[in-house]
Number of protein chains: 2
Amino acid sequence: MAERKREKSWQAGPVRIRVTLPGEPAAAPKERLTVDRIVDAAMGLMAEQGYDAVSMRSLAKALDTGPASLYAHVANKEEVDQLVLDRISAELVVPAPDPEHWDEQLRQVLRDMLALYRRHPGSARAAIGMIPSGMGALRTMEGLLAICDAGGISPQASAWFCDLAAAYVSAIAVEEAIWMQRANSTPPGAEPDHTAIDEQLRAMMEALPAAEFPLVTSMAGVMTAGDGDDRFEFGIAVLVAGLRAVSDTYR
Amino acid sequence: MAERKREKSWQAGPVRIRVTLPGEPAAAPKERLTVDRIVDAAMGLMAEQGYDAVSMRSLAKALDTGPASLYAHVANKEEVDQLVLDRISAELVVPAPDPEHWDEQLRQVLRDMLALYRRHPGSARAAIGMIPSGMGALRTMEGLLAICDAGGISPQASAWFCDLAAAYVSAIAVEEAIWMQRANSTPPGAEPDHTAIDEQLRAMMEALPAAEFPLVTSMAGVMTAGDGDDRFEFGIAVLVAGLRAVSDTYR
DNA sequence: ACCTGAACACCGTTCAAGT
DNA sequence: ACCTGAACACCGTTCAAGT
């Protein structure tokens, strides 16, 4: 880690020569703080220890300074979150629209969005309540609109669908992130262990008074069936089928 | 407030007689701490100042004790959130299923869920990542399953739809709550001022390079159209129509 | 059994001072 | 222009001590 820092400091910027006197321990030539380095550190902390581990103070420590130094480069923690999301969303590629397969394309983009959140554990938590105004998010929107258009979906329905889909995917991602953190000692990044929690949940539902909860008790199995992917696949199937069904009434 | 406390302390529990010596200032006879009073205080703080204003410390201050005292009645902050949600969810009434109007009934329950979150500002934030295991949430599930069943929806689709719907509604509610808090000085509780934010967002989209963002720029108007209710109405229309369309493939 | 004060290990943000 | 130390006003939780 410290090794990588030193390398970079030789690559970037004007060369800074440092004379190390014989006895003196080779003090790490402190690299200048930049927005990019702050974002790098934030993503690293998130990936390793989850969203809650990212604070202005932990960030500063990771960058080997005090928290106050960060404020010369970012306005506040919210801006850090925004920047992290911008960086991440650049990874998503939306395919050119194919009118024959617009619905499968739509579902695939939603799958890719969830995969993106999963690939960057903690990022979903940062996305809560964020208005997606970064270039990456806008590119994704443009792509989604193009696919909807190719599918003959009305503009109003397409536009609102972007909202709906983003809300759904991020909600699922946040849920997963929190479960993972709760089922602790699991390293963040892996998919949450649905089966373990579901087993408990199922037992709880079955133990409910059948008179008051006839359906929940009898359907406990089906309610806790499937892993995260199964449920997500159902979710995006509902969304896209619903969009098709509703499109004409929102012209 | 101190007045109300004194009243209650005379009503409930064994009578406690307090002799006040002439010169002594009439010290408020401190009411015993209970889980209910903690939940009351939490809901009050949330309603008045939003979710972030509820901390174990602010809660303790509102109850006129130190934070440590709370831990005799609740395990931690998460349990407080859980208890608040349990309390709130008891307010939701799910109608008896009417096979003729199952889809409208479903949409109405989702509307009521959002209304519930709005009526208790901050509650949506508490719901993030919470597994709905309280009695209120389970009753709501039972009701939703009954309506789906009346509509001929397959059990697997019904079960997963409960998840999907809950995720969507709470995501919207959280979004609204955060926007409201950001558009500060607005008292929590009212609907967020969509028009103001959307005007800005629309201008931003229209200012984008048209070559790279042909659809976003040309559809800026339609993308920012409608208030929260319009968008939510679209969302639940998509959800319910999608459920109908997809039901048979999930048997 | 319930409550308390004090402490521990944290937060985000600001600001005067340094280089 | 950029960085720093120190401070301000907070967090959740624990724990020994009191009643």
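Residue numbers start from 1 in every chain, and the chains themselves are labelled A, B, ... in the order their sequence lines are given, proteins ahead of strands.
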Nearest-Å distance for atom pair OH/C1', residues A/Tyr51 and C/dC11: 12 Å

Minimum-distance nucleotide to A/Lys77 side chain [options: D/dT13, C/dG12, D/dT4]: C/dG12

B/Glu78 CD - D/dC11 C1' separation (whole Å): 16 Å

Between D/dA6 (C1') and A/Arg57 (CZ): distance, integer Å: 11 Å

Polar contact flag, side-chain donor to acceptor under 3.5 angstrom, A/Asp81-A/Tyr51: yes

Spatial distance of atom CD1 (A/Ile178) from atom CD1 (B/Ile131) [nearest 0.5 Å]: 11.0 Å

Rounded distance in Å - CD (B/Gln49) to P (D/dC10): 11 Å

Value rounded to 0.5 Å, distance of CG in A/Leu70 from CG in A/Asn76: 11.5 Å

Between C/dC2 (P) and B/Asp64 (CG): distance, integer Å: 19 Å

Secondary structure string for DNA chain C (Watson-Crick or G-U under 3.5 angstrom, | for other-strand pairs): ||.|||||...|||||.||

Minimum-distance nucleotide (side-chain atoms of B/Arg32 versus C/dC2, C/dG12, D/dT13): C/dC2

First encountered from the 5' end of DNA chain D, between B/Ser55 and A/Ser69: A/Ser69

Side-chain donor or acceptor of A/Trp160 paired with backbone N/O of B/Phe232 under 3.5 Å: no

Reading 5' to 3' through nucleotides 14-19 of chain C, protein heavy-atom contacts under 4.0 Å coded B for base, S for sugar-phosphate only, - for none: BB----

Separation between the C1' atoms of D/dC2 and C/dA16, rounded to whole Å: 15 Å

Test salt bridge (Lys or Arg N to Asp or Glu O under 4.0 Å) applied to A/Asp52 - qualifying residues, sequence neighbours left out: A/Arg125

Within 6.0 Å of CD in B/Gln200, more than 12 heavy atoms from elsewhere: no

Interatomic distance where CG belongs to B/Leu59 and C1' belongs to C/dT4 [whole Å]: 17 Å

Length of the CE-P vector between A/Met56 and C/dC11, whole Å: 12 Å

Distance test, side-chain N/O of A/His73 to OP1/OP2 of D/dA1, below 4.0 Å: no

Inter-residue atom distance A/Glu91.CD - A/Leu116.CG, 0.5 Å rounding: 5.5 Å

Closest to side chain of A/Leu33, choosing from D/dC3, C/dA7, C/dT13: D/dC3

Donor-acceptor pair, side chain of B/Thr65 and main chain of B/Lys61, under 3.5 angstrom: no

Gap between atoms CG and P, on A/Asp52 and D/dG12 respectively (whole Å): 13 Å

B/Asp230 (side chain) donor-acceptor with B/Asp227 (main chain) under 3.5 angstrom: yes

